Amino acid sequence: MCGRQRGHTLVDMRFPGERWLRAHPLVVDVVLGGVLMMPSAAVGMVTGNLVYALDIVMFSAIMFRRTAPTASFAVLSLALLIQAIGLDTAQWGDFAFPIGLYSIAAYGPTWARWTGLGVGFLGAALAVDSWGIDQGGGGGSGVLAFVALSAIVLFSWTFGDRMRTRRAYVAGLEDRAVQLEREAEQRAQIAAAAERARIAREMHDVVAHSLSVIVVQADGALFAARKRPEVAAETLSTISATGRESLTEMRRLIGLLRGDEQGGRELAPMPSGADLPSLVAQVSGSGLDVSLQVDGDLTRLGSGAGLTVYRVVQEALTNTLKHAGPEVRATVEVSFDGDDVRVLIEDDGRGAATSDDGHGHGIAGMRERIAVHDGTIDAGPRAGGGFRVDARIPLGDE
C-alpha cells in the first residue's frame, strides 16, 4: 500500500528509495535507456557500423518517455520506419518500441494514445514485410508473425492504459481522502463553535438569573435590616442558597470546558422541565409575585426540550426582575398541545424596557435555543402594559 504524503492522515508506506525514484522519473528513464543502449553502442564502436546508431536513437527516445511521451514516441516511430525501409532485419533497438508504446498509453494524451495503438499495428505489418518472414511460406508464417507481433503491441498498450487508469484511481482516492479530512476538520470546528455557543448561553442564563436574584434579595435585606432584622436574616439565607446553587452550576459548566466529565467528580444534573416549580419558588422568594400553571405532565419533556423550557422561563423571569420595576405580578403557563409544548410568560411591569437593555443577550439566547428545536417564539411588550414571551417547542424524538 502506498500513498503520497498529503494532509495529516495519509501515511506514505513506500520505502525511501522508492519514493525518491518516483520523485525523479527522468533519472530512472535515463538509466534505463543508457543500460539498454550499451550493447548497441559497444558493437557499433567495435565494428564501426552506423546501423547501430538507430538503436542508440531508439533507446535515447525512451529516456523521455514520461517527461515528453508524445515526442518520445514520435522519435521512436520515425527511427523504426527508417529501419524498416533501409534494413531487412530486426535490431536490438526494436525492443524499445514496446516500452515506448506502453509509455504513450500510460502518460500520453487521449489522441496520442489511440494513435500509438494504430502505429503499433502498422509497425507489426511493416516488420513482417521488411523481415521477409512470408517469403516462400504461402502466407501462413506471415500471418502467424503478424498475430504474434500484434499481440505484443496490444499487450504493451493495454498494460500502459491500465497503469494510467490505476494512477488516476489512486490519485482520486488521495484527493477524496484529503477532502474528507478537510470536511472532518470543518465539522469539528463547527461542532466546537456550536458547543461554545451552547455553553455561553448556559453561562449567561446561570449568571444573569442568579445575580439578579441575589441583587434583588440583597436590596431587600438592606431595607429590612433597619426595621425587621428577622426578615433580613431570612433573605440572607436565600442569597446564600442561590449563590451555592449558582456555584454548583458554574462548576459543572467549567467542568465541561475542561473536559472533567470523566474525572469521577459528582456534578449536578442539567435542569429540566420538572424543575420549573422550584425555579418559580426561588424567584418568588426573591420578592416577585409569580405563579405557575401547568396543563399536562412535565415529565413528557425530554432532556433537550425540558432544558429549553427551563431556560426560557428562567431568562424571562430574570428580565422581569431586572427591568419590570416594583410591585410586579408575573404568570408562567405551560401547556401541551399534541406534539408541542407552549410556554407563556407574562408580567404587568414596564414592558418596553424589558425587551432590550442595550447590554444583554437574553432574548437572542432564547431565540437560539428555540431555533435548535425548530420552534417559534414571540417576545415583546404587551398591548396593555408589561412584557410577554410566547414560545412553542416541538417535543419530537429526544
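Just so we're clear, the structure is a prediction, and the values are computed from it rather than from any experiment.
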*Which is it for Glu185 and Gln189 under the side chain to side chain donor-acceptor pair (under 3.5 Å) test, yes or no, and what are the steps along the way?*
CA-CA 6 Å; Glu185 292 176 353; Gln189 294 174 357; 5.5 Å; no
*Is there a path from Met38 to Val30 through hydrophobic residues (I, L, V, M, F, W, Y) whose side chains come within less than 4.5 Å of each other?*
no
*Counting N and O atoms only, with roles assigned by atom type, does the side chain of Ser150 sit under 3.5 Å from a partner on the main chain of Phe146, one being a donor and the other an acceptor?*
yes
*In the single-linkage hydrophobic clustering (I, L, V, M, F, W, Y; side-chain heavy atoms under 4.5 Å), do Phe121 and Val119 co-cluster?*
yes
*What do the steps show when you test Arg311 against Gln314 for side chain to side chain donor-acceptor pair (under 3.5 Å), and what is the final call?*
CA-CA 5 Å; Arg311 292 305 189 197; Gln314 184 184 53; 2.9 Å; yes
*Side chain proximity check, Phe336 to Asp295, heavy atoms < 4.5 angstrom*: no
*When rounded to the nearest 0.5 angstrom, what is the spacing between CZ in Arg187 and CG in Leu180?*
7.5 Å
*Look up atom CD1 in Ile393 and atom OG1 in Thr308, then write down how far apart they are to the nearest 0.5 Å.*
5.5 Å
*asked:* What I'd like to find out is whether the side chain of Leu81 reaches to under 4.5 Å of the side chain of Leu126, using heavy atoms alone.
replied: yes
_hydrophobic_cluster_shared for Phe155 and Phe95, side chain cutoff 4.5 Å_ = no
*Please name the pair of heavy atoms, one in Leu117 and one in Leu101, separated by the smallest distance, quoted to 0.1 Å.*
N-CD1, 4.2 Å
*Residue pair Ser60 / Met37: nearest heavy atoms and the distance that separates them*: OG-CE, 3.2 Å
_Atom pair OG1 (Thr331) and CD1 (Ile345), whose distance is rounded to the nearest 0.5 Å_ = 8.5 Å
*asked:* Looking at every heavy atom in both Ala391 and Ile370, which two are closest together, and how far apart are they?
replied: CB-CD1, 4.0 Å
_Starting from Met63, can I reach Leu26 by hopping between I/L/V/M/F/W/Y residues whose side chains sit under 4.5 Å apart?_
yes
*Of the non-hydrogen atoms in Leu76 and Gly100, which two are nearest, and what is the gap between them?*
CD2-CA, 3.8 Å
*In Å and rounded to the nearest 0.5 Å, what is the CZ to OG distance from Arg66 to Ser72?*
11.5 Å
*Please step through side chain to side chain contact (heavy atoms under 4.5 Å, CB included) for the pair Phe59 and Leu32, ending with a clear verdict.*
CA-CA 8 Å; Phe59 289 124; Leu32 175 63; over 6 Å; no
*How about Phe387 and Val328: do any of their side-chain heavy atoms sit closer than 4.5 Å?*
no
*Kindly say whether Asp348 contributes a backbone atom to a donor-acceptor pair with the side chain of Arg329 at under 3.5 angstrom?*
no
*Side chains of Ser103 and Ile62: does their closest heavy-atom pair fall under 4.5 Å?*
no
*Please test Leu279 against Leu292 for side chain to side chain contact (heavy atoms under 4.5 Å, CB included), starting from the C-alpha separation and ending with a verdict.*
CA-CA 10 Å; Leu279 172 65; Leu292 172 64; over 6 Å; no
_Between Asp339 and Pro394, is there a side-chain heavy-atom distance shorter than 4.5 Å?_
no
*Please test Thr110 against Trp114 for side chain to side chain contact (heavy atoms under 4.5 Å, CB included), starting from the C-alpha separation and ending with a verdict.*
CA-CA 7 Å; Thr110 302; Trp114 290 104; 3.8 Å; yes
_Centroid separation Tyr102 to Phe97 less than 6.0 Å_ = no
*Quick one: are Ile99 and Leu36 in side-chain contact, heavy atoms under 4.5 Å?*
yes
*Can you see which heavy atom on Val75 is nearest to which on Ala61, and at what distance?*
CG1-CB, 4.1 Å
*asked:* Do Leu276 and Val334 make a side-chain contact, defined as non-hydrogen atoms from C-beta onward lying under 4.5 Å apart?
replied: yes
*Any idea which heavy atoms bring Pro69 and Ile104 closest together, and the distance?*
O-CD1, 3.6 Å
*Any sub-3.5 Å donor-acceptor pair from Ser156's side-chain atoms to Ile152's backbone N or O?*
yes
*asked:* Between the side chains of Asp390 and Arg388, is the shortest nitrogen-to-carboxylate-oxygen separation below 4.0 Å, so that they form an ion pair?
replied: yes
*So which pairs with a foot in residues 154-165 pass salt bridge (charged side-chain N to carboxylate O under 4.0 Å, His left out), sequence neighbours left out?*
Arg113-Asp161, Asp161-Arg164
*asked:* As an exercise, state the distance from OG of Ser77 to CE of Met58, rounded to the nearest 0.5 Å.
replied: 9.5 Å
*Apply side-chain hydrogen bond (donor to acceptor under 3.5 Å, both in side chains) to Arg392 and list each qualifying residue two or more places apart in sequence or on a separate chain.*
none
*Can you find a pair of side-chain heavy atoms, one from Thr376 and one from Asp378, that are under 4.5 Å apart?*
no
*Could you state the interatomic distance from CG (Leu149) to CG (Leu154), rounded to the nearest 0.5 Å?*
12.5 Å
*Joint hydrophobic cluster, Phe73 plus Tyr107, side-chain heavy atoms closer than 4.5 Å*: no
*Is a salt bridge present between Arg65 and Asp29, judged by a nitrogen-to-oxygen distance below 4.0 Å?*
yes
